[in-house]
K.L.:
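Here it is, the structure, as structure tokens.
Numbering of residues begins at 1 and proceeds along the displayed sequence.
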Amino acid sequence: QLQASGGGLVQTGDSLRLSCVAPGRFAMGWFRQAPGKDREFVAGIAFRDNRSTHHAASVRGRFTIFRDSAKNTIYLQMNSLKPEDTAVYYCAAGESGGSYVARDAREYSYWGQGTQVTVSS
């Protein structure tokens, strides 16, 4: 079971850090879903290589995914937040191996409950 936390209400330009504890080591990802929109990929990190990551174009340069292997925890550091980042953020775990970074939600088997991020203008 995945446990995501760290969401909240912030202002434009602020930062937040989301965290997600997994029951073991997996390929991990963050997705988000805004009201009335489809769930979209935000960032992913590979199973084997913590340096192998991918960030969606909309967040690249502002968000960073990273892992604390000792704690089986991934983080999403979100800087320079914008109102369009407002969404429920979900962490997900998958069984893609090696240095591959999964970007499709169908590649993830386990999902957390979601944490709300609201950015006011």
K.L.:
Only counting residues at least two apart or in another chain, list the ones meeting side chain to side chain donor-acceptor pair (under 3.5 Å) with S69.
P.N.:
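Here the qualifying residues are R25, N50.
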K.L.:
How far apart are the closest heavy atoms of F47 and S96, and which atoms are they?
P.N.:
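Reported closest heavy-atom pair: CB-O, 3.3 Å.
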K.L.:
Applying salt bridge (Lys or Arg N to Asp or Glu O under 4.0 Å) as the test, list every pair that has at least one member in residues 9-22; sequence neighbours left out.
P.N.:
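Residue pairs passing salt bridge (Lys or Arg N to Asp or Glu O under 4.0 Å), neighbours aside: none found.
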K.L.:
Report the residues that fulfil side chain to side chain donor-acceptor pair (under 3.5 Å) with T118, sequence neighbours left out, ordered by chain and then residue number.
P.N.:
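Side chain to side chain donor-acceptor pair (under 3.5 Å) list for T118, sorted by chain: Q116.
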K.L.:
Sequence neighbours excluded, which residues qualify as side-chain contact (heavy atoms from CB on, under 4.5 Å) partners of V101?
P.N.:
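V101: side-chain contact (heavy atoms from CB on, under 4.5 Å) contacts with A46, S52, H54.
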K.L.:
Evaluate side chain to side chain contact (heavy atoms under 4.5 Å, CB included) for V59 paired with L76, printing each intermediate quantity in order.
P.N.:
CA-CA 11 Å; V59 305; L76 185 68; over 6 Å; no
K.L.:
Kindly say whether K71 contributes a backbone atom to a donor-acceptor pair with the side chain of T73 at under 3.5 angstrom?
P.N.:
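Yes, T73 side chain to K71 backbone: donor-acceptor pair under 3.5 Å.
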K.L.:
Roughly how far, to the nearest 0.5 Å, is the CG atom of L18 from the CZ atom of F63?
P.N.:
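Between F63 CZ and L18 CG, I get 8.0 Å after rounding to 0.5 Å.
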K.L.:
Identify the heavy atoms of F41 and A102 that sit nearest to each other, and give their distance.
P.N.:
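Closest pair (atom of F41, atom of A102, distance): CE1-O, 3.4 Å.
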K.L.:
Is it the case that the ring center of Y75 lies less than 6.0 angstrom away from the ring center of F66?
P.N.:
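Centroid distance F66-Y75: below 6.0 Å, so yes.
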K.L.:
Side-chain contact test, heavy atoms from C-beta onward, threshold under 4.5 Å: evaluate it for P23 versus N72 and give yes or no.
P.N.:
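Counting from C-beta outward, P23 and N72 never come under 4.5 Å.
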K.L.:
Can you name the residues that form a side-chain contact (heavy atoms from CB on, under 4.5 Å) with S15, not counting sequence neighbours?
P.N.:
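Here the qualifying residues are Q77, N79.
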K.L.:
Suppose the criterion is salt bridge (Lys or Arg N to Asp or Glu O under 4.0 Å): which pairs have a residue in residues 35-45, not counting sequence neighbours?
P.N.:
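Passing the test, one end in residues 35-45: R32-E40.
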K.L.:
With side chain to side chain contact (heavy atoms under 4.5 Å, CB included) as the criterion, how do Y108 and F31 come out once you've worked through the C-alpha distance, each side chain's angles and the decisive distance to 0.1 Å?
P.N.:
CA-CA 11 Å; Y108 291 90; F31 290 76; 3.6 Å; yes
K.L.:
Establish whether Y110 and I45 are linked, either directly or via other cluster members, by ILVMFWY side-chain heavy-atom contacts under 4.5 Å.
P.N.:
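They do share one cluster, since a chain of ILVMFWY contacts under 4.5 Å joins Y110 to I45.
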K.L.:
Less than 4.5 Å apart, side chain to side chain, heavy atoms only: is that true for Y90 and V88?
P.N.:
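Yes - at least one pair of side-chain heavy atoms lies under 4.5 Å apart.
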K.L.:
Considering residues at least two apart in sequence or located in another chain, which fulfil the side chain to side chain donor-acceptor pair (under 3.5 Å) criterion with Y100?
P.N.:
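With neighbours one apart ignored, the set is E107.
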K.L.:
What pair of heavy atoms forms the shortest contact from C20 to L2, and how long is it?
P.N.:
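Answer, listing the atom of C20 first, then L2: SG-CB, 4.0 Å.
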K.L.:
How would you list all residue pairs meeting salt bridge (Lys or Arg N to Asp or Glu O under 4.0 Å) that involve residues 50-60, not counting sequence neighbours?
P.N.:
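Output for this query lists D49-R51.
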K.L.:
Got a sec, which pairs hit salt bridge (Lys or Arg N to Asp or Glu O under 4.0 Å) with one end in residues 61-70, sequence neighbours left out?
P.N.:
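Salt bridge (Lys or Arg N to Asp or Glu O under 4.0 Å) check on residues 61-70 returns R62-D85.
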K.L.:
With no hydrogens and no angle check, is any side-chain donor or acceptor of Q3 less than 3.5 Å from a backbone partner on G112?
P.N.:
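Pair absent, no side-chain N/O of Q3 close to backbone of G112.
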K.L.:
Backbone N or O of G61 within a donor-acceptor pair of the H55 side chain at under 3.5 Å?
P.N.:
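No: the side chain of H55 does not pair with the backbone of G61.
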K.L.:
Going by the rule side chain to side chain donor-acceptor pair (under 3.5 Å), which residues pair with T115 if we only count those two or more places apart in sequence or in a different chain?
P.N.:
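Result, side chain to side chain donor-acceptor pair (under 3.5 Å) vs T115: none returned.
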K.L.:
Could you list all the disulfide bond (SG atoms under 2.5 Å apart) pairs where at least one residue sits in residues 25-55, not counting sequence neighbours?
P.N.:
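Every pair satisfying disulfide bond (SG atoms under 2.5 Å apart) with a residue in residues 25-55: there are none.
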K.L.:
Taking the side chain from S120 and the backbone from V10, do they hold a donor-acceptor pair closer than 3.5 Å?
P.N.:
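Yes; judged by distance alone, with no hydrogens or angles, the pair exists.
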K.L.:
Looking at every non-hydrogen atom in both residues, tell me the closest pair between I65 and G44 and how far apart they are.
P.N.:
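Heavy atoms of I65 and G44 come nearest at CG2-O, 3.6 Å.
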K.L.:
Excluding sequence neighbours, so at least two apart, what forms ring pair (Phe, Tyr, Trp, His ring centres under 6.0 Å) with Y89?
P.N.:
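So Y89 forms no ring pair (Phe, Tyr, Trp, His ring centres under 6.0 Å) with any residue.
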K.L.:
Look up atom OG in S121 and atom CD in Q11, then write down how far apart they are to the nearest 0.5 Å.
P.N.:
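Reported to 0.5 Å precision, the distance equals 9.5 Å.
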